[in-house]
Amino acid sequence: MKTIKDINTGTTPQPLTDEKLEIAGGLWQDTFKRLKKNKIAVFGAIIIGILFFCAIFAPFLAPHDPENGLLKDRQQPPSEKYLLGTDSQGRDVLSRIIHGAGISVQIGVISVGIALLIGTTLGVLSGYYGRWIDVGIMRLVDIMLAFPTILLALAIVTVLGPSLKNAMIAVGIVNIPRFARIVRASVLSVKETEYVEASKAIGCTDMQIIFRHVLPNCLAPIIVQATLTIGTAILEAAGLSFLGLGAQPPMPEWGAMLADSRGYLRQAPWSVMYPGLAIMLTVLGFNLLGDGLRDALDPRLKE
Amino acid sequence: MSESILEVKNLIKYFPITKGILSKPVGAVKAIDDISFTINKGETLGLVGESGCGKSTTGRCILRLLEPTSGQILFNGQDIAKLDSSEMRLLRKDIQIIFQDPYASLNPRLTIGDMIAEPMRNFGIGTRKTQEKRVQELLEIVGLSSYHTSRYPHEFSGGQRQRIGIARALSVNPKLIVCDEPVSALDVSIQAQVINLLKDLQKEFSLTLLFIAHDLSVVKHISNRVAVMYLGRIVELADYKNLYKEPMHPYSQALFSAIPIPNPGLKKNRILLEGDVPSPINPPSGCNFHTRCPQALDICRHEKPVLKEHKTKHLVSCHNLDSEQRRCKGTDKTSLPINY
Ligand SMILES: Nc1ncnc2c1ncn2[C@@H]1O[C@H](COP(=O)(O)OP(=O)(O)OP(=O)(O)O)[C@@H](O)[C@H]1O
Ligand code: SF4
Ligand SMILES: [Mg+2]
């Protein structure tokens with residue numbers, strides 16, 4: 001057995017001689033590297049990239065006016081002039097889809113923003129303070145989870161009144177439990193770490209501990225959840241719009257487009273199919289990227 | 001010299017074991033079971049014992065990172081077990097801790113500079129400028145370089161991280177530092193460097209340390225006095241020299257016999273303890289060492305021995321030493337029905 005009997009007693013600090021410096025990338029660098037290797041996640045990221053590109057440059061990309069069409073050109077099949085055809089009011093489906101991208105991005109970001117903000121707050125309170133605060137908040141969350149999300153969203157919009165803004169609020173509210181749960185779980189585990197104990201020992205207040213030491217270390221699962229939830233939020237909002245409770249005509253929201261054209265499925269299938277495809281691809285993109293992020297952030301899956 | 005800075009009196013810490021949704025208490029882990037000791041200004045008290053005997057729990061109770069179940073912790077005469085959380089926060093400036101695991105005790109999201117400056121910011125010491133200067137000073141003091149301030153913990157090795165932890169603890173000029181096995185997670189060669197550093201710092205800034213270790217040889221180089229712990233109790237407390245020369249408690253004797261001696265000419269009988277450390281949930285009655293003690297007496301099974309001064313400044317808690325009479329009886333081991 002080796003012991004440290006050969007300690008000398010010089011008064012100058014020992015230089016760092018035989019210590020190896022292990023350089024590893026930070027969490028985000030490593031994650032990005034692993035994510036790049038995941039082809040499926042990259043595919044998701046490309047879809048989302050296209051979505052954002054359309055959202056930002058819609059006015060330049062769309063060949064026609066999304067809200068006013070020529071009645072003489074109604075229900076045109078896809079052609080050179082109208083790449084994806086026109087709907088029952090003669091509006092270009094492609095232009096409407098491109099403009100709809102911006103609305104979908106807005107829905108995703110705002111409703112997930114609402115869910116994230118409130119859900120994270122509840123999760124932190126619950127996980128950090130525990131006891132009756134935890135019991136109270138978690139029971140509330142359980143009650144919310146007992147309802148199917150779309151039903152709950154429907155109920156909220158019915159109370160608030162149908163509009164895109166209210167649809168976003170409703171979708172935001174129904175997604176609060178997901179964030180509350182995930183944040184609570186990671187706060188619980190981060191709270192037990194030695195660096196959080198150390199932060200208490202160096203005189204941090206609860207607020208400083210939460211914002212400097214706990215939350216930054218819970219970021220990974222929150223980001224994964226946010227990515228996945230944007231997809232479902234867009235889908236839920238489209239559902240509400242389809243039922244006439246979200247975006248109102250003539251707004252080119254994809255769910256509303258489906259609702260507008262569903263009566264003409266036989267005469268103009270393209271006016272139903274393409275908005276549906278846009279919704280599907282967007283949700284798929286966010287799901288693939290979210291799954292990829294989760295795998296990339298979890299070092300246990302590292303080969 | 002022997003002015004005490006910390007006095008721990010009858011400290012007890014039980015972790016309740018609860019069951020079911022109603023958190024009904026069904027028992028307790030007796031992590032610390034009535035310990036008392038003092039630390040004098042400028043000295044280093046070593047605290048040794050096997051894994052799980054309650055060393056870290058003792059350290060954490062002193063910092064109130066854990067709430068003691070009962071007992072007094074007098075810091076400069078003030079009972080810190082009674083302070084409310086905001087008073088305690090202010091007092092943390094005077095008591096700091098260096099943790100066991102340098103990989104777990106640094107927040108991976110903060111730069112080294114921020115980390116070392118954080119205690120000063122929390123207690124409002126100095127301006128941003130002077131804090132920055134102090135951070136660089138501290139980095140040099142612990143043997144790192146001032147250009148390390150903008151780096152993150154993952155860029156450092158274990159020994160370097162422990163130095164960062166030391167710099168952080170020193171930043172507010174604490175009066176007492178609890179070192180919770182600061183080197184046990186490090187390579188042997190680096191252990192020596194870090195212990196030397198602590199020793200030098202102690203001399204230079206006349207620090208008072210509570211130095212926790214599970215290994216007597218680590219404690220040897222730094223401690224003035226040593227307390228030996230077994231299963232939540234202190235069994236022996238003495239100057240290191242006296243303890244080394246003449247360990248009096250059977251448990252300490254076993255610990256010391258396990259240290260390899262540098263001089264091969266000298267022969268020592270190695271005392272091997274049999275059996276495992278009993279669970280702190282249901283510790284043995286009487287002297288909790290009796291299940292493994294080679295010298296156990298009848299009385300040991302139902303009466304707790306008291307920590308008493310048996311030689312000058314040499315405290316031991318053992319029935320065997322309590323009276324000469326019993327000692328004679330105790331050597332007649334064949335009459336003992338105790339399995340050891
Ligand atoms: N939070 C806790 N809840 C329940 N039991 C605990 C808790 N912390 C520690 N214990 C128990 O208290 C006992 C003492 O633990 P402690 O960490 O103080 O040991 P230690 O002497 O520091 O050991 P090591 O050398 O392994 O660090 C152990 O039996 C441990 O299982
Ligand atoms: S009191 Fe008895 S059992 Fe305990 S150490 Fe002394 S002799 Fe052994
Ligand atoms: Mg420990």
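Residue numbers begin at 1 in each chain, while the letters A, B, ... track the order of the sequences.
Classification of A:Glu194 and B:Arg60 as a salt-bridged pair holds, one side-chain N sitting under 4.0 Å from a carboxylate O. Here A:Lys200 does not pair with A:Glu197 in a salt bridge; the nearest charged N to carboxylate O distance is not below 4.0 Å.
Contact of B:Leu106 with chain A is made through the backbone alone, with heavy-atom distances under 4.5 Å. Interface residue B:Phe123: only side-chain heavy atoms are found under 4.5 Å from chain A. Proximity to chain A (any heavy atom under 4.5 Å) is restricted, for B:Leu110, to the side chain, taken from C-beta onward.
Counting heavy-atom pairs closer than 4.5 Å to chain B, the top-ranked of the candidates A:Thr193, A:Val190, A:Leu219, A:Ile202 is A:Ile202. For the set B:Ser105, B:Pro119, B:Ser85, the count of heavy-atom pairs under 4.5 angstrom toward chain A peaks at B:Ser105.
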Please walk me through it: do B:Arg134 and B:Glu137 pass salt bridge (charged side-chain N to carboxylate O under 4.0 Å, His left out)? CA-CA 5 Å; B:Arg134 175 119 175 99; B:Glu137 244 172 54; 3.6 Å; yes
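Within residues 111-145 of chain A, no residue has a heavy atom under 4.5 Å from a heavy atom of chain B.
Summarising the local packing, CZ of A:Phe147 is surrounded by 12 or fewer heavy atoms from other residues, nucleotides or ligands at distances under 6.0 Å.
Between B:Asp187 and B:Ser189, the side chains place no donor N or O within less than 3.5 Å of an acceptor N or O (distance only, hydrogens not considered).
A cation-pi arrangement is present between B:Lys13 and B:Phe15, with the terminal nitrogen or guanidinium carbon under 6.0 Å from the aromatic centre and inside a 45° cone about the axis.
At least one side-chain heavy atom of A:His213 sits under 4.5 Å from a side-chain heavy atom of B:Glu118.
Relative orientation of the B:Phe256 and B:Tyr240 rings is tilted, given thresholds of 30° and 60° on the angle between their planes.
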